Amino acid sequence: MIYKNKTEFVGDKYLLSVSGGKDSTAMILYMKECLVDPGIIDYVFMDTGWEDVQTYQYLDYLEQTLGIQI
């Protein structure tokens with residue numbers, strides 16, 4: 001990635017894969033904190049249909065709490 005400074009990414013659009021785990025949650029928070037325009041991030045979840053119901057509930061929670069669309 002290219003940096004303007006230590007906390008600002010430079011690019012057209014970013015795609016962030018979200019699993020519903022702690023690592024992808026941390027990355028969502030990091031990207032929201034660092035990027036000037038949060039509208040340049042697309043969040044995706046690869047639904048296999050085999051996920052636990054709690055995963056889907058947590059993804060809904062992330063969307064509502066952080067104001068994002070996964």
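Just so it is clear, the model here is predicted, and its values are computed rather than measured. Basis for what follows: all heavy atoms, side chains included, without hydrogens, waters or symmetry-related copies.
- Contact record, S24 with G20: OG-N, 3.3 Å, taken as the closest heavy-atom pair.
- For T65 (side chain) and Y61 (main-chain N/O), a donor-acceptor pair under 3.5 Å exists by modelled atom type.
- Counting heavy atoms from C-beta on, the side chains of Q69 and Y43 never come closer than 4.5 Å.
- Closest approach of I70 to E63, counting heavy atoms only: N-OE2, 2.7 Å.
- Side-chain contact between K32 and I68 is present, with heavy atoms from C-beta onward closer than 4.5 Å.
- Inter-residue side-chain proximity for L59 and V18 is flagged as met; some heavy-atom pair is nearer than 4.5 Å.
- Between the side chains of Y58 and T25, at least one donor N or O sits under 3.5 Å from an acceptor N or O.
- Residue F45 holds its CZ atom at 9.0 Å from OG of S17, rounded to the nearest 0.5 Å.
- Counting heavy atoms from C-beta outward, L62 and I28 have side chains that approach closer than 4.5 Å.
- For the atom pair CD1 of I40 and NZ of K13, the computed distance is 7.5 Å after rounding to the nearest 0.5 Å.
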